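Proteins come first, then strands; the chains are lettered A, B, ... in the order of their sequence lines, and each starts at number 1. Just so you know, these numbers come straight off a predicted model, no measurement behind them.
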2 protein chains.
Amino acid sequence: MATERIDGTLTIAETSELTGLSPSTLRYYERIGLIDSVERGPDGRRRYQAADLAWMAFLLRLRTTGMPIQGMLAFAELRRGGDATVRARLELLGRHQAQVRKQYEAVMRSLDAIDDKIAHYERLVEEQDGDSGRQA
Amino acid sequence: MATERIDGTLTIAETSELTGLSPSTLRYYERIGLIDSVERGPDGRRRYQAADLAWMAFLLRLRTTGMPIQGMLAFAELRRGGDATVRARLELLGRHQAQVRKQYEAVMRSLDAIDDKIAHYERLVEEQDGDSGRQA
DNA sequence: GTAGGAGTTGAAGCGCGCTTCAACGCAAGG
DNA sequence: CCTTGCGTTGAAGCGCGCTTCAACTCCTAC
């Protein structure tokens, strides 16, 4: 960290480093309302707080599990609605989870089938190796 | 099946029905070389054979596990190369599988974290319910 | 004063994976 | 003959999730 600030805030570059999101993506997420408008320093530049980082970490988990931006946006909007929306958020997450698990099962079934294909190819390769002496 | 054909071939509509791929997608896949050029009836229309269906089923498994079209295309091209490419195909599939498993570990970790969030919200909801008598 | 580096904005662009469109062909049925 | 339905083609369009670009503003160091 080149310029350590006395408050715990981070520049966009540092936040980018920590989250793995590019500065452009950070600005993009803010623009579309996925991240609440970030505080600015006296120079007009963004200063990310710990709370922002925590929220982004959560967003990243949603993204990792395949939630589309529209879904994350819906969650972000509920969050802005405060305590009254807790139940709705719970439902949103629950539905997402069920969906992820369902998809995961489909993926695993396909992966098993691919396994079979691999086994098939392995037999082929063995035959080729075995034949190499006998063939022309 | 409205018009059963004496050979076992299928129209594009029937193939679409069976695979879940739209006719447009079937044509698109053929155009980009993901599916080998399909035989035509005397009227110039596509007639899908059993072998085509089997290949598509395999492609769908690759797609379900998140392989991008470029990857499937690479596999399709190897397949056209015949027996000589069996080892390369094996490696391609192996790399893909390792990647899928790795990614799904990340997904599962995120899902666990989301579980925690859900548990957190559930506690909140209980508190709200419990407080409803005591609060204004 | 001036150059460099990090940041800002709005708008345009891009790669992916299809989907849609427009114009046409062909065979069967009324 | 003419409509209906299913198919064909090449080209354009689209939604998603960013990324890139151009023009500008600050601050710091020299």
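- The shortest distance between the side-chain N/O atoms of B/Arg27 and the OP1/OP2 oxygens of C/dC21 is not below 4.0 Å.
- The shortest distance between side-chain heavy atoms of A/Ile35 and A/Met56 falls below 4.5 Å.
- Note: OH (B/Tyr28) to C1' (C/dC16) measures 7 Å, nearest angstrom.
- Here the nucleotide nearest the side chain of A/Ser24, chosen from C/dG17, D/dG7, D/dT19, is D/dT19.
- Side-chain nitrogen and oxygen atoms of A/Ser22 include none within less than 4.0 Å of the OP1 or OP2 phosphate oxygen of D/dC18.
- Two residues, A/Asp43 and A/Leu21, neighbour DNA chain D, and the one matched to the more 5' nucleotide by heavy-atom proximity is A/Leu21.
- For B/Arg40, taking side-chain heavy atoms from C-beta onward, the closest of the listed nucleotides D/dT9, C/dC26, D/dG17 is D/dT9.
- Side-chain contact between B/Thr19 and B/Tyr48 is absent, with no heavy atoms from C-beta onward closer than 4.5 Å.
- Here A/Arg63 reaches the OP1 or OP2 of D/dC18: one of its side-chain N or O atoms lies under 4.0 Å away.
- The closest side-chain heavy-atom distance from A/Arg27 to A/Arg46 is below 4.5 Å.
- For A/Arg46, no side-chain nitrogen or oxygen approaches OP1 or OP2 of C/dG7 to under 4.0 Å.
- At C/dA6, none of the side-chain N or O atoms of A/Thr11 fall inside 4.0 Å of OP1 or OP2 (strictly under the cut-off).
- The interatomic distance linking A/Ile32 (CD1) with D/dC18 (P) rounds to 8 Å, in whole Å.
- Applying the 4.0 Å criterion to OP1 and OP2 of C/dT19, one finds that B/Thr25 has a side-chain N or O inside that range.
- Ring geometry, A/Phe58 versus A/Phe75: the interplanar angle falls from 30° to 60°, so the pair is classed tilted.
- Regarding A/Arg31, its CZ atom lies at a distance of 12 Å from the C1' atom of D/dT20, rounded to whole Å.
- Residue B/Glu30 contributes atom CD, which lies 16 Å from atom P of C/dC18 at whole-angstrom precision.
- Using a 4.5 Å heavy-atom threshold, the side chains of A/Arg61 and A/Thr65 count as separate.
- Per the geometry, CG belonging to B/Leu73 stands 15 Å off C1' belonging to C/dG15, to the nearest Å.
- For the pair B/Ile69 CD1 and C/dC16 P, the interatomic distance rounds to 9 Å; values are reported in whole Å.
- Mapping B/Tyr29 and A/Arg45 onto DNA chain C by nearest heavy atom places A/Arg45 at the nucleotide closer to the 5' end.
- Whole-Å rounding puts the B/Leu59 CG to C/dG17 C1' distance at 14 Å.
- At whole-Å resolution of the value, CD1 in B/Ile12 and P in D/dG5 are 19 Å apart.
- When heavy atoms are screened at a 4.0 angstrom cut-off, A/Pro23 is found touching no nucleic acid atom at all.
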